[in-house]
Amino acid sequence: MNKVYNNRAWWLILPMLLLVAFSAVIPLMTVVNYSVQDVFDANTRFFTGTEWFKEMLNDPALQAAVLRQFAFSLTILAIEVPLGIGIALIMPKKGWRASAALILVTMPLLIPWNVVGSIWQIFTRGDIGLMGWSLRELGYSYNITSNPVDAWATIILMDVWHWTSLIALLCYSGLRSIPDAYYQAARIDRASKWAVFRYIQLPKLTNVLVIGVLLRFMHSFMIYAEPFVLTGGGPGSSTTFLSQSLTTMAIGQQDLGPSAAFSLIYFLIILLVTWVFYTAIMNMQKDNNKGA
Amino acid sequence: MSTSSLPKTPEEVRQRAAVADNRRRQKARSAPRQWRRRGLMFAYIVFVLLPVYWLLNMSFQSNNEILGGLTLWPENFTVEHYAKILTNSSWYMGYINSITYVLMNMMISIVVALPAAYAFSRYQFIGDKHLFFWLLTNLMAPPAVFLLPYFQLYYTVGLFDTHVAVALAHCLFNIPLAVWILEGFMSGVPKEIDETAFIDGYSFPRFFVKIFIPMISSGIGVTLFFLFMFSWVELLLASTLTSTGAQPIASVMTQTKGASGIDWGTLAAAGTLTILPGIVVVYFVRNHIAKGFALGRT
């Protein structure tokens, strides 16, 4: 759509801008302010410059948390994206089955995040949880509070349970928008199932998949409540992700300067990834417009 | 075949073609393959439902039964935990508080996002692309980063421990989301409609309310669903910005951790009750949800 150039459009944006700025710019400035100071109490503070940033970048605990975070995000994307596409392909398309499947598949997305943690905490406990108990009965000494591998596997399983639905629903909506004529043409050509997927369905899905991967990536980067409730970051710090390290530092230990510097680094990483995705989406839309 | 059964009108021809097409399609999708499909779908649904079933199971058992041994269904069926939650004001106020700030946030977000999304979908102006990217970055902003500044900001302006504080804080990610989704839906409405309305003498506000908003009503419904979803599930900011007056259900749930261990039954019952509003909401938008999840961009 060719848009009209008109700067009066700013008036339409203004209320939104003021509100978002109130919730985004002022707090961000506070963070920037803290990150360059050493705050003792309300009246005593020293300017420290980039010292906190240097300290944070060299902190081995935080470097470990960053690596852990990337490992986690990439693992869940590698599982959830193919699984979500698969679910979308087998979801029923008509009748009461379609409605029921939609509601059930959407359900995990609407559960508050700390409740998701509680559900899995109850589900995986060795004494009262179905999964923990079954695994023990089968002879595997499953214990998420002492075995890091179990803790990791459980958190990944929980995230797959929680968020695969999002990818599945996105792809489902992408698939529904393919006109029947495409499939008819494919049938006339006697295209194989794989060819239909590769040349008709997948190209239609790229648009929604980019949105899905973007949403999943950033949400997995902010993951806090679920592992906090389920494992508390343990055993040791094996499931302490970025958000949790940050919250512990800012609220628990009241280290304002370092945690502010850390916040900014954290935010910059997310910003960089977002920018890459955003550019990708914009380029794709440009291609689409050219094609149309 | 007798001539009387031949179709006479174009509709009849089309109907017959559709019936024949369906028959062919059903034949083509051989029975075993269809059953494998259903089996896989069923397996996934079981995977989704099993942890929730376990929560439900726990919520109907007394704590003695929970800790006494593993039972696959409640043997001594009890609603004591639900009764406790629904009669104790410190418990049920948690739900009321949560729903209050979620509704406030939905109202605020949609009202300011509608004109903004219209501007993004119809006009070019100085800095539009950068502004849109900046909005998206707020969608990505981790709540943990803003935790402390928010606390201080809302404390300073005297909004701490009010529903408004949480509703405003959730605007951080909900307004950008609303603008993003609505912009997708609005771009699907041809611009000729705006132009025709203006030629017919509609003023902008009248056109917007009378013509444009009804045209994207399903988009607005879907947007409201997403606003509900993200405001309802976010609890880190909500519990930081409140203490007793506007405490969300998440903070109330921490009460179940007592000196004598965790009150599993009540925790499970409270958890079950947080799932219900979501199911109610999703039931209403089930027919639009597929389109909505692609943010109007399929």
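Numbers restart at 1 for each chain; the letters A, B, ... are given by sequence-line order, proteins then strands.
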Okay, B:L172 and chain A: the region with an atom under 4.5 Å from a heavy atom over there is both

>> Between A:V116 and B:V233, is the side chain to side chain contact (heavy atoms under 4.5 Å, CB included) condition met? List the steps.
In response: CA-CA 10 Å; A:V116 172; B:V233 297; over 6 Å; no

Under 4.5 Å to a heavy atom of chain A? For B:L267 that would be side chain

Honestly, the part of B:L131 sitting under 4.5 Å from a heavy atom of chain A is side chain

If one checks every heavy atom of B:Y123 against chain A at 4.5 Å, the contacting part turns out to be both

Honestly, the part of B:M41 sitting under 4.5 Å from a heavy atom of chain A is both

Checklist entry - Going through the distances and angles, do B:F173 and A:H219 end up as a ring pair (Phe, Tyr, Trp, His ring centres under 6.0 Å)? => result CA-CA 12 Å; B:F173 46 84; A:H219 271 133; 8.5 Å; no

Turns out that what part of A:Q244 lies under 4.5 Å from chain B's heavy atoms comes down to neither

- Item | Test item: A:W10 side-chain N/O and B:F125 main-chain N/O as donor-acceptor pair under 3.5 Å | no

Assert top hit (heavy-atom pairs under 4.5 Å, partner chain B, pool A:M91, A:M29, A:R8) equals A:M91

Turns out that what part of B:F204 lies under 4.5 Å from chain A's heavy atoms comes down to side chain

Turns out that what part of B:L40 lies under 4.5 Å from chain A's heavy atoms comes down to both

Answer key: most heavy-atom pairs under 4.5 Å with chain B among A:P15, A:S243, A:G129 is A:G129

Whatever's closer than 4.5 Å to a heavy atom in chain A on B:F120 counts as both

Does CZ in B:F42 sit with more than 12 non-hydrogen atoms of other residues, nucleotides or ligands closer than 6.0 Å?
no

